[in-house]
Number of protein chains: 2
Amino acid sequence: MPKAKISHSQIIQASLETLAKCQTLDAFSMRKVAATLPVDVSTIYWHFENKQALLQAMADEIAAQITFPDSRLAWQQQLTQLFNTIFSVYVAHPHAAELMLATVPSSKIRLSLMNHTISILVTAGFSEQQSSEAMATINFFLTGLVIHLSREYQLQNNVTNKQTSYLQKQVTKVPQITHEEKLAHIQNAIQEHHSQSAKQQFEVGLKLIIKGLVSDQSH
Amino acid sequence: MPKAKISHSQIIQASLETLAKCQTLDAFSMRKVAATLPVDVSTIYWHFENKQALLQAMADEIAAQITFPDSRLAWQQQLTQLFNTIFSVYVAHPHAAELMLATVPSSKIRLSLMNHTISILVTAGFSEQQSSEAMATINFFLTGLVIHLSREYQLQNNVTNKQTSYLQKQVTKVPQITHEEKLAHIQNAIQEHHSQSAKQQFEVGLKLIIKGLVSDQSH
DNA sequence: ACCTGAACACCGTTCAAGT
DNA sequence: ACCTGAACACCGTTCAAGT
């Protein structure tokens, strides 16, 4: 039994580092991962069935960093703490939200996390149905927001990359058209957007959904 | 001035038809579009700067089908009507939600739509900030939900395609692991999920967010 | 058991050259 | 003004062959 040149987890680590250097999830490739390792691309296919399998493993690795909230807190605070953790884990790993969206939550780790989120709400007195729907709503919102944020960041810290320069041109068009068409609300939104941190934006959205839940509870 | 073989809009139409036949947005390619047209791939690059530009045009074409709600209705009903329309337009066009996410809302049509959504809330008495945040929250939720739905549909109506078969295997894992790990809430969620239509799921989530807004308003 | 190299069927994009 | 063909630099994936 000869010693393996690389392990399962070494590939995952290299993959996450490679992804971090990519401008988009699309730009992430098996060949780029292999280039950072002392093996050929084809070797990765001995360790992982295909690219999707590697993506699933990467998503699980990231999800593993999410810790459960303190169960002694009130449900609102438990939810806030949990999603704050998820938020910071997603922000710490470039394209983490895209990865979660591109991937099926079929692992023990991800399903347990979802189950725990629902259980916080059920323990608070919500029905199973309400709880799972609220979990999905918050998840979709969070994922959408983080993807949006990472795009913005990407476009601002752009090194005049050929691929993203067209997208940058599109972003420049926004205030221009907004002005031409006199879309006053969008103008306001752009202003406020700049005066608020990503974390604040997230918190406001989360509070909105929690308020909806509270309102349901009191009826 | 020789007559053009194809027009701008013919390419967009062909693109939307091509996209409809693709299992994923990833599978959509310039070469596949060209294959359905009497021109070479390279010709598309005379009409569109690049693939991203074509995607933007496709997104705008879809967005153009979204009609504004009746302004005589109460704000809650206006929102519900508007997002119901968006929901059905997204569902009618395969991968529409992915397209919106992959694309910058930089066109007059998309920015006007966003502006109008905010204006409904501002007219109802919400602050500019609250209104634009609520708009973003609902948008993220809707996009996330529709993407989720189209994946599910895609996996169910799968013709044992090589590419999606791995994903299907992942989906099969979900109830299995859920059972092994005794994740009772996820089990419940799966059950309820099947008993509810996509539209119902969407409506429940939207109502939750609207309730959060109402609760804000009354304070 | 683990790895390589070459091959296959795809991509997006460019550009000289045609009409 | 509009289109073509060939080329370039990429992809994911497979598989006989090596150790």
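In this text, all values refer to a predicted model and were calculated from it rather than measured experimentally. In what follows, every chain begins at residue 1, and chains take the letters A, B, ... in the order their sequences are listed.
Legend: salt bridge (charged side-chain N to carboxylate O under 4.0 Å, His left out) pairs involving residues 165-174 of chain A, not counting sequence neighbours, sorted by first then second residue: A/K169-B/E49.
Rounded to a whole Å, the CG atom of A/L37 is 15 Å from the C1' atom of C/dT4. Rounded to whole Å, the distance from NZ on A/K5 to C1' on C/dC3 is 7 Å. Between A/E49 atom CD and D/dG12 atom P there is a gap of 16 Å when expressed in whole angstrom units. Across the protein-nucleic acid pair, B/Q10 atom CD and D/dC3 atom P stand 10 Å apart, rounded to whole Å. If you take CD1 of A/I6 and C1' of C/dT4, they are 12 Å apart, rounded to a whole angstrom.
A heavy atom lying under 4.0 Å from DNA chain D marks the following residues of residues 40-48 of chain B, by number: B/D40, B/S42, B/T43, B/W46, B/H47.
The side chain to side chain donor-acceptor pair (under 3.5 Å) test applied to A/S106 returns B/Q170, not counting sequence neighbours. The ring pair (Phe, Tyr, Trp, His ring centres under 6.0 Å) test applied to B/H185 returns no partner, not counting sequence neighbours. Applying the side chain to side chain contact (heavy atoms under 4.5 Å, CB included) rule to A/K108 yields the partners A/S112, B/I177, B/E181; only residues at least two apart in sequence or on another chain are considered. Residues satisfying the ring pair (Phe, Tyr, Trp, His ring centres under 6.0 Å) criterion with A/Y45, sequence neighbours excluded, are absent altogether. Residues that satisfy the side chain to side chain contact (heavy atoms under 4.5 Å, CB included) test with A/V91, not counting sequence neighbours, are A/F87. Remark: A/S107 engages A/D60, A/I109, A/R110 in a side chain to side chain contact (heavy atoms under 4.5 Å, CB included) (not counting sequence neighbours). When the side chain to side chain donor-acceptor pair (under 3.5 Å) test is applied to A/Q191, no partner is found at least two apart in sequence or on another chain. With sequence neighbours excluded, the residues forming a side chain to side chain donor-acceptor pair (under 3.5 Å) with B/S42 are B/D40, listed by chain and number.
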Output field dot_bracket for DNA chain D (Watson-Crick or G-U, both distances under 3.5 Å, | for other-strand pairs) contains ||.|||||...|||||.||
Please list, pair by pair, any protein nitrogen or oxygen found under 3.5 Å from a nitrogen or oxygen in nucleotides 9-11 of chain C.
residue : atom : partner : partner atom : Å
C/dC11  : OP1  : B/S29   : OG           : 3.2
C/dC11  : O5'  : B/S29   : OG           : 3.4

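When each of B/N50, B/T103, B/V104, B/L19 is paired with B/L55, the side-chain contact (heavy atoms from CB on, under 4.5 Å) condition holds for B/T103 and for no other.
Rounded to whole Å, the C1' atom of D/dA17 lies 13 Å from the corresponding atom of C/dC2.
Among all heavy-atom pairs drawn from B/Q23 and B/H95, the shortest one is O-CE1, 3.1 Å.
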